[in-house]
*Asks:* 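Mind looking over this structure? Questions follow.
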Amino acid sequence: MKTKAEVARPLWIRITAYGFAAVLFASCMIGGLAWYRQAVMNDANIHAEMANDLSFVMADIEAQKRAASALALALAADPGVADLVMANDRDALLARYGGNYEEIVEKGAMQLITFSQADTTVVARIHEPGKFGDKLAGRRKMVEAAIAGGQMTAGIEPGRTAVSMFASAPVIRNGVVVGIVDIGTKLTEQYFARLAESRNAALTVKIFTDEGFVTQASTMASEGLLNLSEVQTVYGGTTLEKIADVGNVSYAATAIPLTNYSGTNIGVLEVASDVSAMAAGR
């Protein structure tokens with residue numbers, strides 16, 4: 001026959017084991033829930049960082065558009081511009097507006113200043129004095145629209161050497177459009193480097209050409225995080241997000257289609273945010 005101590009000991013062991021298991025289970029549940037909440041919070045922070053950086057870049061492009069529009073309107077309204085454009089006086093235009101060109105580029109990042117006649121024949125390029133006499137019609141729909149409507153246009157279009165953000169203001173004499181002042185900013189590393197540094201991010205622009213996608217600008221040595229298939233997906237109209245490591249840096253990239261003045265997709269803009277600290281916490 002078992003003694004009371006022999007009967008009680010297994011019951012005590014079982015009660016203790018059950019209690020320990022309950023505590024362990026509760027600890028795992030609480031710890032797991034805390035880990036899950038932290039992971040969700042980190043994911044939300046990463047997503048917010050991507051969204052903020054993309055919004056910052058798009059807002060800067062819009063601000064650049066407004067600044068270019070203001071300068072184009074100011075030059076188009078200059079009393080002497082109409083006479084010089086109509087007279088095809090290239091030398092006078094270069095002398096009159098070329099003096100502060102470097103300051104305009106430095107302060108406003110507007111590298112392209114072009115004066116054209118009403119038939120879109122280029123009279124003078126302040127940024128390239130030796131390039132003139134060609135016509136913008138066909139390539140520059142914005143210029144054609146500004147002439148046809150007598151109103152300023154602004155947006156993204158292919159320039160002579162790169163896809164750029166332009167503002168085109170008509171030069172009007174006695175109610176008739178006699179020319180165009182065209183101000184532009186190339187969407188190249190020169191423009192994006194400042195944005196990349198201020199946001200601790202990397203920016204890449206890929207333009208669709210007859211030969212396929214070509215990298216026009218990239219502040220990342222690898223020319224962006226998206227592979228060709230992903231670039232094609234974004235170009236087709238789908239916004240994409242991606243997390244990847246480049247060396248010791250963790251990037252969270254978001255990409256959107258780059259649309260021109262006419263509403264046609266012409267490329268892809270990728271913004272890759274440095275989220276190394278958030279990724280480590282995650």
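For the numbers below, each heavy atom of this structure counts, side chains included, while hydrogens, waters and symmetry mates do not. Quick caveat: nothing in here was measured; it's all calculated off a predicted structure.
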*Asks:* According to side chain to side chain contact (heavy atoms under 4.5 Å, CB included), who are the partners of Ser55, at least two apart in sequence or on a separate chain?
*Replies:*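 For Ser55, no residue satisfies side chain to side chain contact (heavy atoms under 4.5 Å, CB included) once neighbours in sequence are set aside.
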
*Asks:* Under 3.5 Å, side chain of Ser273 to main-chain N/O of Val275, donor-acceptor pair present?
*Replies:* no

*Asks:* State the CD1-CG distance between Ile126 and Leu75, to the nearest 0.5 angstrom.
*Replies:* 9.0 Å

*Asks:* Please confirm whether the backbone N or O of Ser229 pairs with a side-chain atom of Thr233, one donor and one acceptor, at under 3.5 Å?
*Replies:*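 Flag set: sc Thr233 to bb Ser229 pair under 3.5 Å.
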
*Asks:* Quick one: are Asp119 and Lys135 in side-chain contact, heavy atoms under 4.5 Å?
*Replies:* yes

*Asks:* Run the side-chain donor-acceptor check on residues 104-118: report pairs under 3.5 Å with partners two or more places apart or on a different chain.
*Replies:*
{"residue": "Gln111", "atom": "OE1", "partner": "Lys186", "partner atom": "N", "Å": "2.9"}
{"residue": "Gln117", "atom": "NE2", "partner": "Val85", "partner atom": "O", "Å": "3.0"}

*Asks:* Give me the atom names and distance for the closest heavy-atom approach of Arg173 to Pro79.
*Replies:* NH2-O, 4.4 Å

*Asks:* Please determine whether the number of non-hydrogen atoms from other residues, nucleotides or ligands lying under 6.0 Å from atom CD of Gln190 exceeds 12.
*Replies:* no

*Asks:* If you define the side chain from C-beta out and look only at heavy atoms, does anything of Val57 sit under 4.5 Å from Leu269?
*Replies:* yes

*Asks:* Ignoring hydrogens and angles, tell me if any N or O in the side chain of Lys206 forms a donor-acceptor pair with the backbone of Glu223 under 3.5 Å.
*Replies:* yes

*Asks:* Using atom types as modelled and distance alone, determine if a side-chain donor or acceptor of Glu189 lies under 3.5 Å from a backbone N or O of Ser218.
*Replies:* yes

*Asks:* Which heavy-atom pair separates Tyr251 from Ala272 by the least distance, and what is that distance?
*Replies:* CD2-O, 3.6 Å

*Asks:* Say whether, by atom type as modelled, one donor and one acceptor occur between the side chain of Asn100 and the main chain of Glu103 under 3.5 angstrom.
*Replies:*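 No; zero donor-acceptor contacts below 3.5 Å.
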
*Asks:* Should Arg96 and Asp89 count as an ion pair when the cut-off is N to O under 4.0 Å?
*Replies:*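 The answer is no: the pair does not qualify as a salt bridge.
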
*Asks:* Is there a continuous path of hydrophobic side-chain contacts, each under 4.5 Å between heavy atoms, that joins Leu73 to Val176?
*Replies:*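 In one cluster: no.
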
*Asks:* Is any side-chain heavy atom of Val163 closer than 4.5 Å to one of Asn260?
*Replies:*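 Contact flag for Asn260/Val163 side chains = no.
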
*Asks:* Going by ring-ring contact (aromatic ring centres under 6.0 Å, His included), name the residues that satisfy it together with Phe132, two or more places apart in sequence or in a different chain.
*Replies:* none

*Asks:* How many angstroms lie between atom CG of Leu258 and atom CD1 of Ile207, to the nearest 0.5 angstrom?
*Replies:* 5.5 Å

*Asks:* Step by step, work out the salt bridge (charged side-chain N to carboxylate O under 4.0 Å, His left out) result for Glu128 and Arg160.
*Replies:* CA-CA 11 Å; Glu128 286 184 298; Arg160 200 178 68 82; 2.7 Å; yes

*Asks:* Any chance the rings of Phe166 and Tyr261 have centres within less than 6.0 Å?
*Replies:* no

*Asks:* Answer whether the closest heavy-atom distance between the side chains of Thr219 and Thr204 falls below 4.5 Å.
*Replies:*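 Answer no - side chains too far apart.
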
*Asks:* Just verifying a value: how many Å separate Leu93 CG and Leu84 CG, rounded to the nearest 0.5 Å?
*Replies:*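 Output value for this atom pair is 4.5 Å.
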
*Asks:* Check whether any side-chain N or O of Gln216 sits under 3.5 Å from a backbone N or O of Leu187 as a donor-acceptor pair, and report yes or no.
*Replies:*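 Yes, because the side chain of Gln216 sits within donor-acceptor range (under 3.5 Å) of the backbone of Leu187.
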
*Asks:* Give a yes or no answer on whether the side chain of Ser69 reaches the backbone of Lys65 with a donor-acceptor pair at less than 3.5 Å.
*Replies:*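 Yes.
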
*Asks:* Side chain of Asp60, backbone of Phe56: donor and acceptor closer than 3.5 Å?
*Replies:*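 Side chain of Asp60 to backbone of Phe56, a donor-acceptor pair under 3.5 Å: no, none is there.
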
*Asks:* Dump the intermediate steps for side-chain hydrogen bond (donor to acceptor under 3.5 Å, both in side chains) on Gln64 and Thr185, then the final yes or no.
*Replies:* CA-CA 8 Å; Gln64 197 68 21; Thr185 296; 3.1 Å; yes

*Asks:* Find out if a path of hydrophobic residues (ILVMFWY) with successive side-chain heavy-atom gaps under 4.5 Å connects Leu94 to Leu71.
*Replies:* yes

*Asks:* Does Pro129 reach the side chain of Arg90, with side-chain heavy atoms less than 4.5 Å apart?
*Replies:*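 Yes; the side chains approach each other to less than 4.5 Å.
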
*Asks:* For the OG1 atom of Thr238 and the CD atom of Glu230, what is their distance to the nearest 0.5 Å?
*Replies:*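 Rounded to the nearest 0.5 Å, the OG1-CD separation comes out at 12.0 Å.
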
*Asks:* Could you tell me which non-hydrogen atom of Ser168 sits nearest to which non-hydrogen atom of Met152, and how far apart they are?
*Replies:* O-CG, 3.0 Å

*Asks:* Do Val214 and Leu228 belong to the same hydrophobic cluster, where Ile, Leu, Val, Met, Phe, Trp and Tyr are linked whenever their side-chain heavy atoms lie under 4.5 Å apart, directly or via other members?
*Replies:*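 In one cluster with Val214: Leu228, no.
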
*Asks:* Give me the atom names and distance for the closest heavy-atom approach of Ile147 to Val177.
*Replies:* O-CG2, 3.8 Å

*Asks:* Do the charged groups of Arg140 and Asp182 touch, with an N to O distance under 4.0 Å?
*Replies:*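 The answer is yes: the pair qualifies as a salt bridge.
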
*Asks:* Within the structure provided, determine whether Leu225 and Val246 are in side-chain contact (heavy-atom separation under 4.5 Å).
*Replies:*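 Of all side-chain heavy-atom pairs linking Val246 with Leu225, at least one is under 4.5 Å.
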
*Asks:* Identify the heavy atoms of Ala68 and Met165 that sit nearest to each other, and give their distance.
*Replies:*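 Here Ala68 and Met165 meet closest at CB-CE, 3.8 Å.
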
*Asks:* If we only count heavy atoms from C-beta on, is the Thr239 to Val234 side-chain gap below 4.5 Å?
*Replies:*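 They are not in contact (no side-chain heavy atoms under 4.5 Å apart), so the answer is no.
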
*Asks:* Which value, rounded to the nearest 0.5 Å, describes the distance between Ile156 atom CD1 and Thr259 atom OG1?
*Replies:*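 Output value for this atom pair is 7.5 Å.
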
*Asks:* Report yes or no: do Val123 and Val181 belong to one cluster of Ile/Leu/Val/Met/Phe/Trp/Tyr joined by side chain heavy-atom distances under 4.5 Å?
*Replies:* yes

*Asks:* Is there a path from Leu226 to Val205 through hydrophobic residues (I, L, V, M, F, W, Y) whose side chains come within less than 4.5 Å of each other?
*Replies:* no

*Asks:* For Tyr97 and Val81, work out which heavy atoms get closest and say how close.
*Replies:* OH-CG2, 2.9 Å

*Asks:* Counting C-beta onward and ignoring hydrogens, is there a side-chain heavy-atom pair between Asp78 and Val171 closer than 4.5 Å?
*Replies:*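 SC-SC contact between Asp78 and Val171 ruled out.
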
*Asks:* Would you say Ser250's side chain and Ser276's backbone share a donor-acceptor pair under 3.5 angstrom?
*Replies:*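 Looks like no, no N/O pair under 3.5 Å.
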
*Asks:* So does Lys141 get a backbone contact from the side chain of Glu157, meaning a donor-acceptor N/O pair under 3.5 Å?
*Replies:* yes

